[in-house]
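Scroll down for the structure; my scribbles are underneath it.
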Amino acid sequence: MRSDADKIGYPRDFTIYDADDAKSVVKTIINELNLDDKHYKPNLVYNRISAAKNSLMSPENYQHDYYITQEDMRANRPMTGKIYDMYAKRCFKNGAMDFDDLLYKFYVLLKTVPEALTKYQHKFKYIMIDEYQDTNPAQYEIIKLLGAVHENICVVGDDAQSIYSFRGATIQNILQFEKDYTDAHVVKLEQNYRCTKSILSVANEVISKNKGQIEKTLWTDNTEGEKIRLVRTMTDNEEGKYVADTVAEQKLRNHYANRDFAILYRTNAQSRAMEESLRRLAIPYRIFGGISFYQRKEVKDFLAYLRIIINARDEESLKRIINYPIRGIGKTSIDRAVLASNENNITMWEVLERAREFGFKAGTLEAIDNFVLMIRSFRSMLEKSNAYDVAVQVGKSTNIVKELFNDKTTEGLARYENVQELLNSIKEFTETPTEDGELLEKSLGAYLQQITLLTDADQGNDEDSDVVKLMTIHARKAWSSR
């Protein structure tokens with residue numbers, strides 16, 4: 001692009017915007033259009049624009065696509081197409097490209113400038129691509145254009161391992177490779193060097209159920225190994241209890257140490273049930289490649305709301321959530337509230353309740369009043385509602401769940417899963433009877449007391465300490481390669 005950017009109107013020394021730069025431009029445009037930043041969050045709008053570029057959708061096509069515009073309407077962001085258009089024009093005027101443009105604009109170059117297409121088709125005689133199952137439409141079209149002359153294209157990938165569809169990757173790229181290149185030679189790398197025969201046997205059975213796949217059969221020269229045991233439990237809490245009980249039993253029966261055990265799961269959100277069950281049995285553990293469930297920011301944020309409903313004097317929880325999600329109560333206003341609290345020997349909550357006495361600006365006063373009213377409405381539910389009903393209302397009224405759901409980044413999806421898992425744990429708490437079939441107190445206060453006791457244990461951080469290891473399957477592969 002440095003060599004040929006001028007052919008599509010960009011300077012050769014164009015600036016490359018990183019994600020923060022790009023979001024800053026989007027935020028400026030949102031402000032210029034006087035749009036509600038509660039709906040038009042720069043991060044969400046930027047992700048929408050990014051997805052469009054990776055699908056080779058121009059601002060014009062975006063604004064005329066019925067299904068895309070309907071999605072934006074349902075998300076209360078009908079002006080997203082307009083923002084995309086203004087963003088593209090702003091970047092062009094500034095002589096800048098973002099990361100997605102490096103693909104998108106290269107495609108535009110190849111499609112609109114014949115001499116550039118010819119140049120690069122002959123420059124790259126051989127093309128090799130790894131992880132082909134996770135390529136997106138832009139990459140696919142660029143590869144087809146570049147390889148059209150020589151057709152010396154080698155791709156490596158596994159259709160059974162496609163995991164980045166949420167980033168715009170499409171599994172169809174690898175599934176239709178042989179249709180795109182009818183004389184392609186397929187080499188199946190089916191020998192496995194890591195797993196036992198019993199594990200591969202199960203893997204083959206699972207993979208065989210996929211619709212639309214490249215047929216293959218994994219095999220190994222390794223030993224047969226122990227048979228896989230499938231245990232069906234009704235809830236994730238029962239699953240956690242089963243795993244923790246098994247660890248305790250094996251330690252007692254075979255004199256194993258804690259370090260002899262590892263618990264692997266698909267996503268970080270699944271650690272919650274495991275952690276709680278291990279803690280109940282006083283089995284020390286450590287999470288590798290992540291942090292404890294109740295220490296994750298989005299979980300602590302949600303719990304801070306629940307704590308402030310029970311105890312309005314909890315200043316730390318109040319400071320944590322007073323402007324989350326953003327509601328126009330900035331750091332200066334929070335500092336003023338803390339100072340007023342200290343000078344008048346009253347709680348910060350009382351300062352907020354009497355905000356008009358302490359010199360807050362009109363806009364801030366309105367935001368504080370709305371916040372206080374919202375917390376009071378939650379508190380009014382305590383006598384008649386159980387912990388889960390209150391928590392659901394908190395997630396809905398604060399827009400926390402909706403905001404996390406709309407964030408389609410890898411991190412956003414993980415945060416959303418963690419909050420959903422927290423809500424699941426609260427729901428199970430309210431529905432689980434004791435051994436004699438009687439329901440215990442299922443109030444919000446009782447739930448918070450339970451998790452406080454569970455999370456009080458101090459977990460060691462020494463890698464070599466005698467702890468059970470908890471990690472995602474993905475983290476296990478990265479950790480083992482060190």
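All figures in this text were calculated on a predicted structure; none of them were measured in a lab. For the numbers below, each heavy atom of this structure counts, side chains included, while hydrogens, waters and symmetry mates do not.
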Side-chain (N406) to main-chain (K402) donor-acceptor, under 3.5 angstrom
yes

If only side-chain N and O atoms count, and only distance matters, is there a donor-acceptor pair under 3.5 Å linking S24 with Y17?
no

side-chain contact (heavy atoms from CB on, under 4.5 Å) partners for K41, two or more places apart
L44, E403

R296 bridged to E417 by N-O distance under 4.0 Å
no

Are the side chain of T170 and the backbone N or O of Q172 linked by a donor-acceptor pair below 3.5 Å?
yes

Could you tell me whether the side chain of S162 and the main chain of D159 form a donor-acceptor pair under 3.5 Å?
no

If we ignore hydrogens and angles and just use 3.5 Å, is the side chain of S385 paired with the main-chain N or O of L382 as donor and acceptor?
no

May I ask you to say whether E276 pairs ionically with R272, meaning some side-chain N is under 4.0 Å from a carboxylate O?
yes

State whether the side chain of D6 and the backbone N or O of R12 hold a donor-acceptor pair below 3.5 Å, judged by distance alone.
no

Please lay out, stage by stage, how R354 and E350 fare under the test salt bridge (charged side-chain N to carboxylate O under 4.0 Å, His left out).
CA-CA 6 Å; R354 298 160 47 188; E350 289 176 293; 5.3 Å; no

Please give me the minimum heavy-atom distance between R2 and F14, naming the atom from each residue.
NH1-O, 2.5 Å

Does the distance from a Lys or Arg side-chain N to an Asp or Glu carboxylate O, for E71 and R48, drop under 4.0 Å?
yes

Side chain R77, main chain D72, donor-acceptor under 3.5 Å:
no

Any side-chain donor near an acceptor of the partner, E239 and Y265, under 3.5 Å
no

Any donor-acceptor pair under 3.5 Å linking the side chain of S380 with the backbone of S377?
yes

Mind checking whether F124 and Y120 have parallel, tilted or perpendicular rings, split at 30° and 60°?
parallel

Establish, from distance only, whether the side-chain atoms of R415 and N268 form a donor-acceptor pair under 3.5 Å.
no

So ring-ring contact (aromatic ring centres under 6.0 Å, His included) across residues 321-341, not counting sequence neighbours, yields none

Judged by modelled atom types alone, do Q133 and E131 share a side-chain donor-acceptor pair under 3.5 Å?
yes

For the side chain of N370 and the backbone of E366, is there at least one donor-acceptor N/O pair under 3.5 Å apart?
yes

Indicate whether any N or O donor in one side chain lies under 3.5 Å from an N or O acceptor in the other, for Y140 and D180.
yes

Strictly distance-based, threshold 3.5 Å: is any side-chain N or O of N344 a donor or acceptor partner for the main-chain N or O of A340?
yes

Only counting residues at least two apart or in another chain, list the ones meeting ring-ring contact (aromatic ring centres under 6.0 Å, His included) with Y62.
Y84

